[in-house]
A.B. asks: 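There's a structure below that I have some questions on.
Computed over heavy atoms, backbone and side chain alike; hydrogens, waters and symmetry mates excluded. Counting convention: from 1, in listed order, for ligands and their atoms alike.
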Amino acid sequence: MKEGIQTTKLIFEEKKASVLFLWLFNLIFFSWDIFYYYFRPYFNGASLNDLRGGLGIWVYLLLVGVLILAIYYIKAGNIYIVKYLYIISFLIIDIMDNLVRYMGSTEHFATGNIVEVLLILFTPIFVNKRYFWTVTIGLIGKDLLLGLILGDLNVLMPVLIYITISALAYILLIRFYSYINSLTKVYDELRQKEKLAVIGQMAAAIGHEIRNPLSSLRGFTQLQQERYPNTNDYYPIMIQEIDRINSIVNDLMYIGKPRVIHFEKASIEEIIAYTLSITQQQAERQGVIVETTMAGPLPPLDCDEKQLKQVFINLIKNAIESMHESGRIKIKVNVLEKTKMSVSIKDEGCGIPDENILNIGEPFFTTKSSGTGLGLMVTNQIIKEHLGELNISSELGKGTRVEVVLPIIHRQRK
Ligand code: ADP
Ligand code: MG
């Protein structure tokens, strides 16, 4: 539906450009011709007999024919063809006109119609590179061809002028392109944000409703466990699973909604150590070995400790989950340029296929049967709020390296 509306709008733009082009082309062509072939000679005292040589009246008839054809195409909805129809007909008519006029005559070949300048200058309006090249190569090629056939060097001047104007038009065209690209990007981002805001509100509302019953469930389960310590082995698992639901609900409530972050000085060593203690069990179960290297004494980091723990838990869990049988995870902490802290987590797992790279971090994007696709979204958001960056590089089948770069000293956002 949306696509439909967008293409309709694009067709509408093309139509506007084409109609404007038709008006300008015909207006300029005919007034220039009248001025050049009728008024000018008249005022110079020439006789009206040998006015407009070449194809004479045929030029006008042909152009009116082209105009009728163009209007027909516009009405029939075949709008993209109009601009090509014009440039190609113009080239053919002009070549014939010039050949008839100059072949066998001693007159000097004069070219450089103002309408040709219009054709070139108008190319950026259509925002179409193929059309731009058709026009410039067509016009310049035509002049060079005529110069060659008629053996006249006079064509060089207009060719040089056309090259200059084309260069200008090309710059304009490129500017238009990049402007449109940024607009599209901004629009996409906005749409994404709106989508997230709606999902976020829903998730927050549902999450809120789920959390209360969940916490009483957890409380009662714990109570039961304490009351009958020897009867049921499943209580710890029940509590663990309830905690899992709780953490998923917490992640859900994060969508599209920045949380309040409390910046404090914290030790990155402690954060990593805590993270490892949480993920240790899972790592051992899968036979994964985790190696940590810290570069020398590390400065305290301005951050929200709780949130950062969440980030590293998510990343290390992903690293563990990417390896199906044993493997090694290398965690490295470095100080970059004295102002930034870099933590990289490298696994020897399955890697990320190229087609997934762009989707990673989108809410609910997951390739795991029991994944939520929320981990990296939350991670991204927390890192963004810390004004840091997340870099992911991955080689399919070899492993993935995820790097978190954070400013050591936090400056308040403007
Ligand atoms: P989840 O872990 O619930 O699937 P995430 O947001 O944490 O959600 O990750 C999204 C997806 O990104 C994963 O399903 C996986 O396909 C991919 N991914 C993330 N980290 C890694 C990694 N270290 N190695 C390979 N793939 C990864
Ligand atoms: Mg995950």
A.B. asks: About how many Å separate OG1 of Thr275 and CD1 of Ile331, when rounded to the nearest 0.5 Å?
C.D. replies: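 Between Ile331 CD1 and Thr275 OG1, I get 8.0 Å after rounding to 0.5 Å.
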
A.B. asks: At less than 4.0 angstrom from any non-hydrogen atom of Ile360, what atoms of ligand 1 do you find?
C.D. replies: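 This gives 12 (O), 17 (C) as the contact atoms.
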
A.B. asks: Any N or O of Gly373 that comes nearer than 3.5 Å to an N or O of ligand 1?
C.D. replies: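 Between Gly373 and ligand 1, an N or O pair is found under 3.5 Å apart.
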
A.B. asks: Look at atom 15 (C) of ligand 1 and say which protein heavy atom is nearest, naming residue and atom and giving the distance to 0.1 Å.
C.D. replies: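 The closest heavy atom on the protein side is Thr367 OG1, 3.4 Å.
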
A.B. asks: Name the residue from Lys332, Lys346, Arg328 that meets the side-chain hydrogen bond (donor to acceptor under 3.5 Å, both in side chains) definition with Glu291.
C.D. replies: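 Considering Lys332, Lys346, Arg328, a side-chain hydrogen bond (donor to acceptor under 3.5 Å, both in side chains) with Glu291 is found only for Arg328.
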
A.B. asks: Show the atoms of ligand 1 that are less than 4.0 angstrom away from any heavy atom in Thr372.
C.D. replies: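 Answer for ligand 1: 3 (O).
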
A.B. asks: What protein heavy atom is closest to atom 26 (N) of ligand 1, reported as residue, atom name and distance in Å?
C.D. replies: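 Result: Ile352 CG1, 3.4 Å.
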
A.B. asks: Please list, in number order, the atoms of ligand 1 under 4.0 Å from a heavy atom of Gly371.
C.D. replies: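 Those atoms are 3 (O).
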
A.B. asks: Can a salt bridge be assigned to the pair Glu305 and Lys309 using a cut-off of 4.0 Å between side-chain N and carboxylate O?
C.D. replies: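 Looking at Lys309 together with Glu305, the answer is yes, because their closest N to O distance falls below 4.0 Å.
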
A.B. asks: How far is atom 5 (P) of ligand 1 from its nearest protein heavy atom, and which residue and atom is that?
C.D. replies: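 Answer for atom 5 (P) of ligand 1: Leu376 N, 3.7 Å.
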
A.B. asks: Counting heavy atoms only, which part of Thr400 comes closer than 4.0 Å to ligand 1: side chain, backbone, both or neither?
C.D. replies: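 The answer is the side chain.
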
A.B. asks: Does Asn314 have a non-hydrogen atom less than 4.0 Å from ligand 1?
C.D. replies: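 Heavy atoms of Asn314 never come under 4.0 Å of ligand 1.
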
A.B. asks: Nearest to atom 2 (O) of ligand 1, what protein heavy atom do you find, and at what distance?
C.D. replies: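 Protein heavy atom with the smallest distance to atom 2 (O) of ligand 1: Lys368 NZ, 2.7 Å.
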
A.B. asks: In a check of ring-ring contact (aromatic ring centres under 6.0 Å, His included) between Phe21 and each of Phe126, Phe29, Phe90, Tyr131, which one passes?
C.D. replies: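 Checked Phe126, Phe29, Phe90, Tyr131 against Phe21; only one passes ring-ring contact (aromatic ring centres under 6.0 Å, His included): Phe126.
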
A.B. asks: Between Asn391 and Arg401, does the side chain to side chain donor-acceptor pair (under 3.5 Å) criterion hold? Intermediate values first, please.
C.D. replies: CA-CA 8 Å; Asn391 306 315; Arg401 180 174 177 271; over 6 Å; no

A.B. asks: If you measure from the Lys or Arg side-chain nitrogens to the Asp or Glu carboxylate oxygens, is any gap between Glu14 and Lys83 under 4.0 Å?
C.D. replies: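 Lys83 and Glu14: salt-bridged.
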
A.B. asks: I need the contact type for Thr379 against ligand 1. Using non-hydrogen atoms and a strict under-4.0 Å cut-off, is it side chain, backbone, both or neither?
C.D. replies: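 The answer is neither; Thr379 stays 4.0 Å or more away.
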
A.B. asks: In plain terms, say whether Glu337 and Lys340 are close enough for a salt bridge, that is, a side-chain N and a carboxylate O under 4.0 Å apart.
C.D. replies: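 Yes, this pair counts.
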
A.B. asks: Among all protein non-hydrogen atoms, which one is nearest to atom 23 (N) of ligand 1, and what is the separation to 0.1 Å?
C.D. replies: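 Sorting protein heavy atoms by distance from atom 23 (N) of ligand 1 puts Asp347 OD2, 2.8 Å first.
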
A.B. asks: What protein heavy atom is closest to atom 11 (C) of ligand 1, reported as residue, atom name and distance in Å?
C.D. replies: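 I find the closest protein heavy atom is Phe365 O, 4.0 Å.
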
A.B. asks: Does CE in Met202 sit with more than 12 non-hydrogen atoms of other residues, nucleotides or ligands closer than 6.0 Å?
C.D. replies: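 No.
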
A.B. asks: Heavy-atom count around Leu153 CG within 6.0 Å, excluding the residue itself: above 12?
C.D. replies: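 No, because the 6.0 Å sphere around CG of Leu153 holds 12 heavy atoms or fewer from other groups.
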
A.B. asks: Any N/O/S atom, backbone or side chain, of Asn318 lying under 2.8 Å from the Mg ion (ligand 2)?
C.D. replies: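 Looking at Asn318, which is the residue asked about, there is an N, O or S atom under 2.8 Å from the Mg ion (ligand 2).
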
A.B. asks: Has Gly349 got any heavy atom lying under 4.0 angstrom from an atom of ligand 1?
C.D. replies: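 No, Gly349 has no heavy atoms under 4.0 Å from ligand 1.
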
A.B. asks: What I want to find out is whether Lys368 reaches Glu321 closely enough, with some N-O distance under 4.0 Å, to be called a salt bridge.
C.D. replies: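 Salt bridge between Lys368 and Glu321, a charged N being under 4.0 Å from a carboxylate O: yes.
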
A.B. asks: To the nearest 0.5 Å, what is the distance between OH on Tyr60 and CD1 on Ile57?
C.D. replies: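 Going from OH on Tyr60 over to CD1 on Ile57, the span is 7.0 Å.
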
A.B. asks: Please report which non-hydrogen protein atom sits nearest to atom 7 (O) of ligand 1, along with the residue it belongs to and the distance in Å to one decimal place.
C.D. replies: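 Residue, atom and distance for the closest contact: Asn318 ND2, 2.8 Å.
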
A.B. asks: Would you kindly specify which portion of Thr366 sits under 4.0 Å from ligand 1, judged on non-hydrogen atoms: side chain, backbone, both or neither?
C.D. replies: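 The answer is both.
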
